[in-house]
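Just below is one structure, and these are the notes that go with it.
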Amino acid sequence: MVPHVGFDTDQIKDKARKDLLYLLEGVRGKKNLVLERGLAGPINLFVKFSTLQEYGVDKLFFLENGNADVSQRNVVFIARGESARHAQSIAADNIKRMQRESQTGHEFSIFWVPRKTLVSEKILEEAGVLGDTTTSEFPLYFLPLEKDLLSLELEDSFADLYLRRDPTPTFLLARALMLIQQKHGLFPRISGKGDNAKRVAGLLARMRQELIAGEDTNETSKLGLTPSTTIESLIVIDREVDYATPLLTQLTYEGLVDEVVGIQNNQADVDSSIVGTVPQPAPGSSKTVGAAPVETKKQRITLDSSDKLYDQLRDTNFAIIKSLLNKVARRLQNDFDSRHSTKTTAELREFVNKLPGYQAEQRSLKIHIALAEEIFKHTRTDQFSRLLEVQQNLAAGADPSSQHEAIEELISRDAPLTEVLRVLCLESCISGGIKHAHLEHFKKIILQAYGYQHLLTLAALEKLQLLLSRSSPMAAMIPMSGAGTVAGAKTNYTYLRKALRLIVDEVNEHDPNDIAYVYSGYAPLSVRLVQSILQKQYLTSITRGGNANNAAGVPTGGASQGWRGFEEAVKHARGATFDEVQKGEDRAVKARALLTGSGEKKIVFVVFLGGITFTEIAALRFIAKQEEARKRIIICTTSIISGNRMMDAAIEKGSLGKAIAQPVE
Amino acid sequence: MANPTADWEKVGDKFYRKIQLYTAVFDQDLELENYIVTGCSYGGAIALHRDETKLHSFRGSQASKSSIDLYSCAGKLIRRINWDKGSIKGLGWSDDEKLLVVTADGTVRCYYDLQGDFTQFSLGHGAEEYGVTACRFYGTGFVALLSNNHLISVSRYDEPRPKLLATPTEGEVHSWTLIPPAYTLSRSVEVLLSIGQTIYVVDASESEDRMLDIGPFTHISVSPNGKFVALYTETGKAYVITSDFQNRLSEYDSKSRITPKDVQWCGNDAVVIAWEDEVHVIGPKNAAAKYFYDGRVHLIADHDGVRLITNDVCDFIQKVPDVTDEVFRFGTESPASILLDAVEQLENQSPKADDNIQLIRPNLVEAVDTCVKAAGLEFSIHWQKQLLKAASFGKSVLDIYNSDEFVDMCETLRVLNAVRFYEIGLPLSYEQFLRLTPEKLIRRLINRREYLLALRISSYLRLPTDRIYVHWASQKVRVGSEDEDTICRLIVEKLAGKRGISFEEIARAAYDEGRGRLATELLNHEPRAGKQVPLLLNMEEDEIALDKAIESGDSDLIFFVLLHLKKKLPLASFFRVINSRPVATSLIEATAQADDTELLKDLYYQDDRRTDGANVFVREALKQPDSKTASDKLTLAAKLLADSKETSFELKSLQEATTLLKMQEAFDRDLTETFTGLSVNETIFKLIKLGYASRAKKMQSEFKVPERTAWWLRLRALVSKRDWNELEEWSKLRKSPIGWEPFFTLILSAGNPKLASIFIPKAAPTLQPGETIAMYEKCGMRVKAAEEAVKIKDVETVDRLRNLAGVGTVEGREIERLGAGLKRP
């Protein structure tokens, strides 16, 4: 039997690389690669373009451009199988075109990510090209963005889930989790909040049944279906439960970089005028898969834990970035100056050996100072401080109508629509809708200020239940305590603000004692919910009047008791609540325990369905740090999200009477 | 009992043995020489088909019917498949005992269960025009040779994708063969063609001449491990070379002018050449053994030897395995052979038994191991027993011995003997059994409908039994004569609680048999939606299929059903089906938005979702190239909302949008600037900026732009126009509803501190005391700032300002003077 290995995100990375290279190897000779644009970033995370070249890749094209040429006999497509659009594009815009254009025959291969679908095959068949292609599966589900962070990197998952009500992301997430279960054993306990989260749990149960019913019933797969001894539990949080958190402006460094510059697949495109003086990083990685078509004005920088400085900075509150950067700069200077004090040649050699390290550090310091400067420019503006003030007042429960004047002013001053909508949605989420008359007024001035095409935007926001009138039936609050047995239809922030202590006034940004530091005083509800499972004692102590400072040191987790102690509070958040225990045969459980041994730190998987923000990640890492001695926390999500991305899902891009400038779909 | 070495023949320094597997194989009337005979590997079934190129005696109409007959190795007829599909150009087997039949026109039939059920596909790539001349098969696929020398490769049968290989040169192909993809460097199949004097190697991308000059070859054969190639020339010489054509290993002269019927490998060490009734086994260095038979001999190569089929016998020739050689070789004194002898002595109750044991005491473990292994390689039950007894005896003397292998071997031998039994007729060697794996052996038994034996073996070897039950049940629903309820109950009773049962397969069998109701009932017991749905669609149980798909949560499945239904049903009934299912509706909405707005309109119309319907038109309006058509679309949208109260806001907005477009059109015309595409605010802004104040005013009132917004717009527009006079005039006229601070800020950042400073006193009442200081400072007016500081008695600031200005300067002195009145702390 294969020796059991613990869970490690690197395994996933390795596997993805091996899978892809194996598939490429199967296509003999040189080949052109045609990639779905959305996959370029993720693939770049685990394989470099130079490696692909070693495996015979000659040129790279994007599927959406439809410009793949016929220079190679072999053409390999990589696209997501779930989307019928891609299949159509492959068939019509590419394969058929190439067959027309070129006299010689071509070998077409399609690698469907993460699985072949009936629909895509059907479309190929109907287009009459299925016979000319070889299709295979490239089972790329979770992508490790960091050692503790797995993402499906489904860009549109937020819109899919809540706007279009398309269950695909839910299904893919369940599939991905199922793969973890098959390898490491069942999650002994599954708890969660939200209707879609419940659906994931349901799917997991179903997939387990299907697996048992499947043909493959040998001993090993049976072992995979007993509760794991290395995993403690799975916690699923539906984004729907807490819309307010991502709508607030993120105040950690990484969060702000995302808000201001935007981070995609661990990479940010920064204007080269900002970091322009920075020399190219190592030449090997410069020509990365996605880098090819970026205009020269933008420079792509990688933001992950391989950059040691960034690793230190990313999760800290932006307020202290300046002093941190300062400190690092000074230390670097000192280290570097130490060369003057070297006396012996041995010392000198030691210094020279360290030189590359210094240079790398210096380079990254330069980048981050430039980035921080850029963000400062943004945060110093009048508009930014206005916005932040409005946001924080709303979060703290101030009377929303007192903020209206400020919001109106933002609109009159032509502030970015995203920002305006963010505050309005925030108000709607936190105070259970906006008064009908006020909402109509805002809608009117938004349409006048930004154009009537945003009738569609407003309709989408309503469908997302982000922007509702108080009189709308969807905005109805759950009955206040007492009759509260019905699952919440809407998250009641007024109640939860107290019950879970969402507002912490005295936050210390330098040495944080509570997750509230990530929003400078507001603790994300979503993460509080996770805490109510993992850090019961701590949460109890701060919600029952105790001071956060006293309890911070002793956050013992009553290991796995689900929602116990917080049932009442959880009822006031939107959607279904569940807590299930997965059992296996006793004999098998024992066998598994024997095989793996116990006493190891157990893993808790925290899953955010519908997306997670960098601030929430920072907050979860903060908890992980406190719980370090007892467990590991692995964060899983469908994609990284921010308020801007939520708004983008709704905002209509076209405008009336100007269609010529818009590409017709 | 005959000595096992009786059938050994020496070839070079190695022994080969011929084992008689079965006798009286075929009916004596069967003219085997007139048949094409191909056998499946691992002792599998044999297919016979009358060779159409040969004459045969007329035996009445019955016998003349063309057929493919499947026999076991023992000559038991498994199935007769009637054939009326034209001339067969390829007949072969896959590793999992699928029979492949390729006709001249390129049609391929794959008979997947020995019972006549088949799937069919065609080769394409010109096979129909040129015709298939021959085929060569390997474990999972085959290659067909067309009359124009084109080669078509099929590498799998579950999803066959015939592919054209590189085109070899013209010329007569004397003989050909292939190297399976598992053994090539390129991972694709390679074909060896004897054309002219040389051999061409063809794969997916190129055809390469190997530059030989000893051809043409009448036979080419590749060894089971793909490393060696045997070539037989017209002159009766046989060569063995490596498959990369680098080394010639041996050469043999058969001294025969007659072209042999067949050349095959016997394992990887020897080549077997068969003439009509004579067989040569050729080893390295020209060594050979010869066998003679009464009738025509057919060769069936297997992984570790070769089977010879004649009317009378089925023989197996293989190299004597090393352990067997060690035990039985004449005159050997190996420990194992002494141990074997000891058992015989023991049976004779001779004390020599103990002497023997003492003799080999130091090597006893090795001797036991050898006996166990040799037992496995033995076909004769007598010698199996004898060897196991010896091992058992040796074991009993040893203090410690791990008996696992002994036990396993006993189990394996029981299984092997059971399937070798002539009524089953699977003459597996031990090595073949290991390669085949027990699971696949079970599958072969299932295909032969030996359910009981399959079940017994499965439970004996602790293997899953689901497939056996499913197959049995499928048979049951096909041929069972009971009524449907009884059958369903019978099957469910028997299969309930067993793991891994695929009810879908059984249901499919029932459906194929025309028992629809039974199929539906059975399908209810299937937990896997992915399996249920396609069958349900076949059965036209559309709504159940949709429900099952939705239950599964797999959007692909749902969407697949929806596509199917959309195509099949009239629109009204399609909507009826999806309306009650929100997931289905939202999936249709999402895709229709991209490519089928008409469908969307209909959907919203019949569902009375007016706002959504109107939005479709709005979206269309956005795609219109000019205002005119866009307005038309907006009017259509408005019409939908006309008589509902709830949508009055949307209605009004749409009307406004139309008005805006109209006005912008007029502006575009009159002012030779583009306004279309801008929002109301942007339009007003642009108008003011361009100096059309009255038009802007008109717009403001037309759209009831709030006063505050209007002020902001005007302010921003004037600032960006740098119209300082206008700003100043304007500010004198009225009181600002947005305060004066924005005036200050915007004008200052536009670079006019002088004008900006005018607004400081205006704004002052709404500001915190002291803020004005900074404001003046920003305008560069330190004196004014100092004045303000004096007002609030801020000495420090005054001093700071003075220092900034420089003590000696005019400004400095002025500040000094202002500050003089303040009390110093």
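Everything numeric in this text was worked out from a predicted model, so none of it was measured. When reading the values below, keep in mind they use all heavy atoms of this one structure, side chains included, and skip hydrogens, waters and symmetry mates. Per chain, numbering begins at 1; letters A, B, ... match sequence-line order.
Heavy atoms closer than 4.5 Å to chain A are found nowhere in B:Arg462, neither backbone nor side chain. Heavy atoms closer than 4.5 Å to chain B are found in both the backbone and the side chain of A:Glu25. Looking at B:Lys704, the atoms closer than 4.5 Å to chain A (heavy atoms on both sides) sit in the backbone and in the side chain alike. For A:Leu130, the parts lying near chain B are the backbone and the side chain together; criterion is any non-hydrogen pair under 4.5 Å. With a 4.5 angstrom heavy-atom cutoff, B:Glu206 touches chain A only via side-chain atoms. If you measure heavy-atom distances from A:Glu405 to chain B, the contacts under 4.5 Å come from both the backbone and the side chain. Interface remark: B:Glu159 contributes side-chain atoms only to the contact with chain A (heavy atom separation under 4.5 Å). Of the atoms belonging to B:Val705, heavy atoms from both backbone and side chain fall under 4.5 Å from chain A. Neither the backbone nor the side chain of A:His454 comes within less than 4.5 Å of any heavy atom of chain B. For B:Ile684, no part lies near chain A; criterion is any non-hydrogen pair under 4.5 Å. Only the side chain of A:Arg206 comes within less than 4.5 Å of a heavy atom in chain B; its backbone stays farther off. Of the atoms belonging to A:Arg199, not a single heavy atom falls under 4.5 Å from chain B. Both the backbone and the side chain of A:Arg413 come within less than 4.5 Å of a heavy atom of chain B. Using a 4.5 Å cut-off between heavy atoms, B:Ala204 contacts chain A through its backbone alone, with no side-chain atom that close. Within the 4.5 angstrom heavy-atom criterion, only side-chain atoms of A:Glu82, from C-beta onward, approach chain B. For B:Leu660, the part sitting under 4.5 Å from any heavy atom of chain A is the side chain, from C-beta outward, and nothing else. Looking at B:Glu656, both its backbone and its side chain come within 4.5 Å of chain A, counting heavy atoms on both sides. Neither the backbone nor the side chain of B:Thr683 comes within less than 4.5 Å of any heavy atom in chain A. Of the atoms belonging to A:Thr170, not a single heavy atom falls under 4.5 Å from chain B.
B:Ser653 OG to A:Lys444 NZ: the interatomic distance, rounded to the nearest 0.5 Å, is 9.5 Å. Here the CD1 atom belonging to B:Ile738 is positioned 7.5 Å from the CD atom belonging to A:Glu409, to the nearest 0.5 angstrom. Annotation: the span from B:Glu707 atom CD to A:Ser412 atom OG amounts to 11.5 Å, rounded to 0.5 Å. Distance CD/B:Gln655 to OH/A:Tyr452: 10.5 Å, rounded to 0.5 Å. Between the CZ atom in B:Phe559 and the NZ atom in A:Lys122 there is a gap of 12.0 Å [rounded to 0.5 Å]. Note: B:Ser679 OG to A:Tyr450 OH = 9.0 Å, rounded to the nearest 0.5 Å.
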**Q.** Derivation of the salt bridge (charged side-chain N to carboxylate O under 4.0 Å, His left out) call for A:Glu126 and B:Lys567
**A.** CA-CA 13 Å; A:Glu126 280 169 6; B:Lys567 224 173 265 168; 2.3 Å; yes

**Q.** CA sep, side-chain torsions, deciding dist, call: B:Leu563, A:Val119, side-chain contact (heavy atoms from CB on, under 4.5 Å)
**A.** CA-CA 8 Å; B:Leu563 276 184; A:Val119 173; 3.9 Å; yes

Q | Derivation and outcome, side-chain contact (heavy atoms from CB on, under 4.5 Å), residues A:Glu652 and B:Leu622 | A | CA-CA 10 Å; A:Glu652 174 57 47; B:Leu622 291 178; 3.4 Å; yes

Q. Salt bridge (charged side-chain N to carboxylate O under 4.0 Å, His left out) between B:Asp554 and A:Arg175: does it pass, once the steps are laid out?
A. CA-CA 10 Å; B:Asp554 182 344; A:Arg175 266 278 181 104; 5.0 Å; no

Q. Does the side-chain contact (heavy atoms from CB on, under 4.5 Å) test come out yes or no for A:Lys463 and B:Asp612, once each step is laid out?
A. CA-CA 10 Å; A:Lys463 206 167 258 175; B:Asp612 287 323; 3.3 Å; yes

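By number of non-hydrogen pairs under 4.5 angstrom with chain A, the leading residue of B:Ala657, B:Gly124, B:Ala630 is B:Ala657. Ranked by heavy-atom pairs under 4.5 Å with chain B, the first of A:Ala174, A:Ala459, A:Gly26 is A:Gly26. Between chain B and the residues A:Ser120, A:Gly29, A:Ala449, the most heavy-atom pairs under 4.5 angstrom are made by A:Ala449. Of the residues considered (A:Arg115, A:Glu107, A:Arg73, A:His441), A:Arg115 shows the highest number of contacts with chain B, using heavy-atom pairs under 4.5 Å. Note on B:Glu526, B:Gln664, B:Glu665, B:Lys163: by heavy-atom pairs under 4.5 Å with chain A, the leading option is B:Lys163. The choice from B:Ser627, B:Ser552, B:Ser188 that makes the most heavy-atom pairs within less than 4.5 Å of chain A is B:Ser552.
The closest side-chain heavy-atom distance from B:Phe703 to A:Leu447 is not below 4.5 Å. In this structure the side chain of B:Arg619 reaches within 4.5 angstrom of the side chain of A:Leu456, judged on heavy atoms. Between B:Arg716 and A:Asp414, the closest side-chain pair of non-hydrogen atoms falls below 4.5 Å. With contacts defined as side-chain heavy-atom distances shorter than 4.5 Å, the pair A:Asp166/B:Ser586 does not qualify. Residues A:Leu118 and B:Leu557 are in side-chain contact: their nearest non-hydrogen atoms beyond the backbone lie under 4.5 Å apart. Looking at A:Arg28 and B:Ser205, their side chains come closer than 4.5 Å, going by heavy atoms from C-beta outward. Residues B:Glu589 and A:Arg164 form no side-chain contact, since every pair of their non-hydrogen atoms from C-beta on lies 4.5 Å or further apart. At least one side-chain heavy atom of B:Pro706 sits less than 4.5 Å from a side-chain heavy atom of A:Ile445.
Nearest heavy atoms, A:Pro167 versus B:Val583: CG-CG1, 3.9 Å.
B:Arg161 has no carboxylate O lying under 4.0 Å from a charged side-chain N of A:Asp132, or vice versa, which leaves the two without a salt bridge.
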